[in-house]
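Note that the structure is a prediction, hence the values are computed from the model and not measured. Position 1 is the first residue of the sequence, and the numbers go up from there.
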Amino acid sequence: QVQVVESGGGLVQAGGSLRLSCTASGLTFADYTMGWFRQAPGKERLGVSCIGWDGFITYYTDSVKGRFTISRDNAKNTLYLQMNSLNPEDTAMYYCAAKPRYSGDFYYMKEEEYKYWGQGTQVTVSS
């Protein structure tokens, strides 16, 4: 049984930092592209960042470029999202998701292509 579990969310002041982690079990982690999505209250869920199976290719949505860094440790089955210079617009539930590598288009982060999802971790940025 595949399990995906996020952690690291919390309340932070604007300008602060958080590091999200996501651990996946029950799958061969290196067989999957991993992504972070977020959903703000009343809005649709959108892709934030994703990383290829070997960590060499990454994608960031424009609003987080230069502030967020995605990384992964295949030996630990863990995905990370380092978030710096946070602002209130980053407030959302953050979800970790996995899709089989080589499936779909890497840069478009289509939800339907991601097979496994975590329950989410809340990030709240106060002004």
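- Tyr94 and Arg38 form a side-chain donor-acceptor contact under 3.5 Å, judged by distance and modelled atom types alone.
- Nearest heavy-atom pair, Trp36 versus Ser21, reported as atom, atom and distance to 0.1 Å: CH2-O, 3.7 Å.
- Taking hydrophobic clusters as Ile, Leu, Val, Met, Phe, Trp and Tyr residues chained together by side-chain heavy-atom distances below 4.5 Å, Tyr80 does not share a cluster with Tyr32.
- Side-chain contact check for Ser63 versus Glu89: every heavy-atom pair is 4.5 Å or farther apart.
- The two residues Arg72 and Gly52 make their nearest non-hydrogen contact at NH1-O, 2.9 Å.
- Atom OG in Ser49 sits 6.5 Å away from atom CE in Met109 (nearest 0.5 Å).
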> Hey, mind stepping through Leu46 and Gln39 against side chain to side chain contact (heavy atoms under 4.5 Å, CB included) and telling me if it holds?
Replying inline: CA-CA 6 Å; Leu46 298 173; Gln39 186 170 23; over 6 Å; no
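- In this structure, Thr124 and Val12 have side chains that are not in contact, with every pair of non-hydrogen atoms separated by 4.5 Å or more.
- We find the CZ-OG1 distance between Phe68 and Thr58 to be 14.0 Å, quoted to the nearest 0.5 Å.
- Across every non-hydrogen atom of Tyr107 and Asp105, the tightest pair is N-OD1, 3.0 Å.
- In the model, Asn84 has a side-chain atom that pairs as donor or acceptor with a side-chain atom of Ser17 under 3.5 Å.
- Residue Ser103 holds its OG atom at 11.0 Å from CG of Asp31, rounded to the nearest 0.5 Å.
- A cation-pi contact links Arg45 to Tyr95, judged by a cut-off of 6.0 Å to the six-membered ring centre and 45° from its axis.
- Looking at residues two or more places apart in sequence or on another chain, you find a ring-ring contact (aromatic ring centres under 6.0 Å, His included) between Phe37 and Tyr114, Trp117.
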> Do Thr78 and Asp73 pass the side-chain hydrogen bond (donor to acceptor under 3.5 Å, both in side chains) test, and can you show the C-alpha distance, the side-chain angles, and the key distance before you say yes or no?
Replying inline: CA-CA 5 Å; Thr78 301; Asp73 185 339; over 6 Å; no
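- Arg19 meets the side-chain hydrogen bond (donor to acceptor under 3.5 Å, both in side chains) test with no other residue; sequence neighbours excluded.
- To the nearest 0.5 Å, the span separating CG on Leu27 from OH on Tyr116 amounts to 6.5 Å.
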> Asp90 and Arg67: salt bridge (Lys or Arg N to Asp or Glu O under 4.0 Å), yes or no, with the steps?
Replying inline: CA-CA 11 Å; Asp90 296 315; Arg67 301 187 298 122; 2.7 Å; yes
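- Within the 4.5 Å cutoff, the side chain of Tyr60 has heavy atoms near those of the Thr69 side chain.
- Taking each heavy atom of Ala30 and Asn74 in turn, the nearest pair found is CB-ND2, 3.7 Å.
- The disulfide bond (SG atoms under 2.5 Å apart) analysis of residues 51-84, with sequence neighbours excluded, yields no pairs.
- Contact check for Gln122 versus Thr91: side-chain heavy atoms found under the 4.5 Å cut-off.
- The distance from atom CG of Leu81 to atom CD of Glu6, rounded to the nearest 0.5 Å, is 11.5 Å.
- The shortest heavy-atom contact between Ala40 and Ala92 is N-CB, 3.8 Å.
- Leu20 contributes atom CG, which lies 9.0 Å from atom CG of Leu79 (distance to the nearest 0.5 angstrom).
- Enclosure of atom CD in Gln13 is not indicated, since only 12 or fewer non-hydrogen atoms of other residues, nucleotides or ligands lie within 6.0 angstrom.
- What you find for Thr33 and Cys50 is that their closest heavy atoms are CG2-CB, 4.5 Å.
- A 6.0 Å sphere centred on CD of Gln82 holds more than 12 heavy atoms belonging to other residues, nucleotides or ligands.
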